[in-house]
Amino acid sequence: MTVRAILSEKGYDVVALRPDVIVRDAVATLNKHRIGAIVVTDDSSLIKGIISERDVVRALAEDGAKCLDRPVSALMTANVKVCSENHTVNEVMEIMTRGRFRHLPVERDGKLIGVISIGDVVKRRIEEVQREAEAIRSYIASA
Ligand code: AMP
């Protein structure tokens with residue numbers, strides 16, 4: 001299964017913010033959409049960074065509540081790993097495992113078009129394993 005198939009099932013909606021939005025508003029956005037990370041883009045949908053709940057927790061632990069008034073650009077990870085619609089579920093799992101993160105923005109022609117989370121990947125992988133098990137069961141039953 002590919003990232004294209006996942007996005008066409010779950011939708012291409014992406015929650016993105018500009019780099020100068022304050023962290024307090026980013027936290028409200030994470031809570032409102034019940035998500036774990038927000039992609040940071042410029043006005044042309046070019047990816048500038050990603051901020052996840054982990055970045056906020058780290059800043060709160062290190063600097064206290066004053067980090068909430070800083071811009072998102074101060075906390076985000078600027079070196080963002082991305083994937084394309086042609087990546088497979090297994091490739092995405094490998095990128096996330098190697099990079100130790102749970103979110104992967106999807107780019108087309110250099111522009112943000114979607115986000116894949118570890119939850120999306122695990123759901124599809126479980127479905128694949130169940131389909132494989134079912135195919136083996138029917139094969140054995142028909143032998
Ligand atoms: P996560 O596990 O996605 O909540 O993120 C853990 C850490 O990795 C945070 O510091 C994020 O800013 C960073 N991060 C999340 N996704 C990516 C990504 N696709 N590329 C690079 N860093 C990321």
Side-chain angles (χ1 to χ4, degrees), residues 1-140:
M1 177 176 265
T2 60
V3 166
R4 180 177 293 103
I6 296 177
L7 286 181
S8 52
E9 193 184 314
K10 81 161 200 165
Y12 282 77
D13 300 338
V14 194
V15 178
L17 288 177
R18 301 288 175 264
D20 57 349
V21 167
I22 61 167
V23 173
R24 189 181 302 279
D25 291 341
V27 168
T29 304
L30 287 169
N31 184 47
K32 180 177 166 203
H33 294 276
R34 297 166 185 267
I35 54 175
I38 302 170
V39 186
V40 183
T41 57
D42 66 10
D43 292 336
S44 325
S45 292
L46 288 176
I47 298 173
K48 295 291 170 191
I50 187 163
I51 181 165
S52 94
E53 53 202 0
R54 294 241 173 123
D55 299 314
V56 180
V57 168
R58 188 185 312 116
L60 282 171
E62 288 172 1
D63 304 330
K66 65 178 189 288
C67 75
L68 297 173
D69 294 315
R70 301 180 74 197
V72 156
S73 57
L75 271 61
M76 71 186 190
T77 301
N79 185 13
V80 186
K81 295 276 183 298
V82 299
C83 68
S84 78
E85 293 164 285
N86 297 325
H87 276 81
T88 63
V89 166
N90 283 344
E91 287 169 337
V92 165
M93 275 170 66
E94 200 181 319
I95 296 169
M96 287 181 177
T97 306
R98 216 181 310 121
R100 293 170 185 260
F101 45 70
R102 298 164 293 176
H103 301 89
L104 205 53
V106 186
E107 261 186 3
R108 186 195 294 152
D109 302 328
K111 301 265 171 83
L112 175 67
I113 58 152
V115 171
I116 297 290
S117 76
I118 192 94
D120 299 323
V121 172
V122 169
K123 180 170 182 273
R124 269 63 183 197
R125 189 64 196 118
I126 288 172
E127 286 167 4
E128 272 179 2
V129 169
Q130 283 171 341
R131 271 198 302 276
E132 283 161 16
E134 189 48 46
I136 291 170
R137 264 196 296 275
S138 353
Y139 175 75
I140 291 169

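In listed order, ligands and their atoms are each counted from 1.
- Here the heavy atom of the protein found nearest to atom 8 (O) of ligand 1 is Phe101 CB, 3.6 Å.
- In terms of polar-atom proximity, defined here as any N/O pair under 3.5 Å, Glu53 makes no such contact with ligand 1.
- The N/O atoms of Arg102, backbone and side chain alike, include one that comes under 3.5 Å of an N/O atom in ligand 1.
- At the top of the distance list for atom 9 (C) of ligand 1, counting protein heavy atoms only, stands Asp55 OD1, 3.2 Å.
- Between Glu53 and Arg102 a salt bridge is recorded (basic side-chain N to carboxylate O distance below 4.0 Å).
- Counting protein heavy atoms only, atom 22 (N) of ligand 1 is closest to Thr77 CG2, 3.6 Å.
- Nearest protein heavy-atom contact of atom 16 (N) of ligand 1 is His103 O, 3.2 Å.
- Under a 4.0 angstrom heavy-atom cut-off, Met76 registers as lying outside contact with ligand 1.
- Between Arg131 and Glu134, no side-chain nitrogen of the basic residue sits less than 4.0 Å from a carboxylate oxygen of the acidic one, so the salt-bridge criterion is not met.
- When the options Ile126, Val92, Val3 are evaluated for a side chain to side chain contact (heavy atoms under 4.5 Å, CB included) with Val121, the one that passes is Val92.
- Distance OG1/Thr2 to CG/Asn90: 12.0 Å, rounded to 0.5 Å.
- Interface atoms of ligand 1 facing Pro105, defined by a heavy-atom separation under 4.0 Å, are 19 (N).
- One finds a salt bridge joining Lys123 and Glu9 here, because a Lys/Arg side-chain nitrogen approaches an Asp/Glu carboxylate oxygen to under 4.0 Å.
- Heavy-atom proximity to Arg58, at under 4.0 Å, picks out these atoms of ligand 1: 10 (O).
- Of the heavy atoms in Ile50, both backbone and side-chain atoms come closer than 4.0 Å to ligand 1.
- Nearest heavy-atom pair, Val80 versus Pro105, reported as atom, atom and distance to 0.1 Å: CG1-CG, 3.8 Å.
- Of the protein's heavy atoms, Ser52 OG, 3.4 Å lies nearest to atom 5 (O) of ligand 1.
- For the side chain to side chain contact (heavy atoms under 4.5 Å, CB included) with Val106, the lone residue among His87, Glu85, Lys111 that qualifies is Glu85.
- Under a cut-off of 6.0 angstrom, the local environment of CG in Asp69 is crowded, with over 12 non-hydrogen atoms contributed by other residues, nucleotides or ligands.
- In terms of protein heavy atoms, atom 20 (N) of ligand 1 is closest to Lys81 N, 2.9 Å.
- Ligand 1 lies out of reach of Gly49, whose nearest heavy atom is not under 4.0 Å from it.
- The ligand atoms of ligand 1 that sit less than 4.0 angstrom from a heavy atom of Leu104 are 19 (N).
- By the 4.0 Å heavy-atom criterion, Asn79 is counted among the residues contacting ligand 1.
- Of all the atoms in ligand 1, the ones that sit under 4.0 Å from a non-hydrogen atom of Arg54 are 4 (O).
- For the pair Ile35/His103, no side-chain contact is recorded, criterion being any heavy-atom separation below 4.5 Å from C-beta on.
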Practice task
Decide yes or no on side-chain contact (heavy atoms from CB on, under 4.5 Å) for Val27 and Leu68, but give the supporting numbers first.
Solution key: CA-CA 8 Å; Val27 168; Leu68 297 173; 4.3 Å; yes
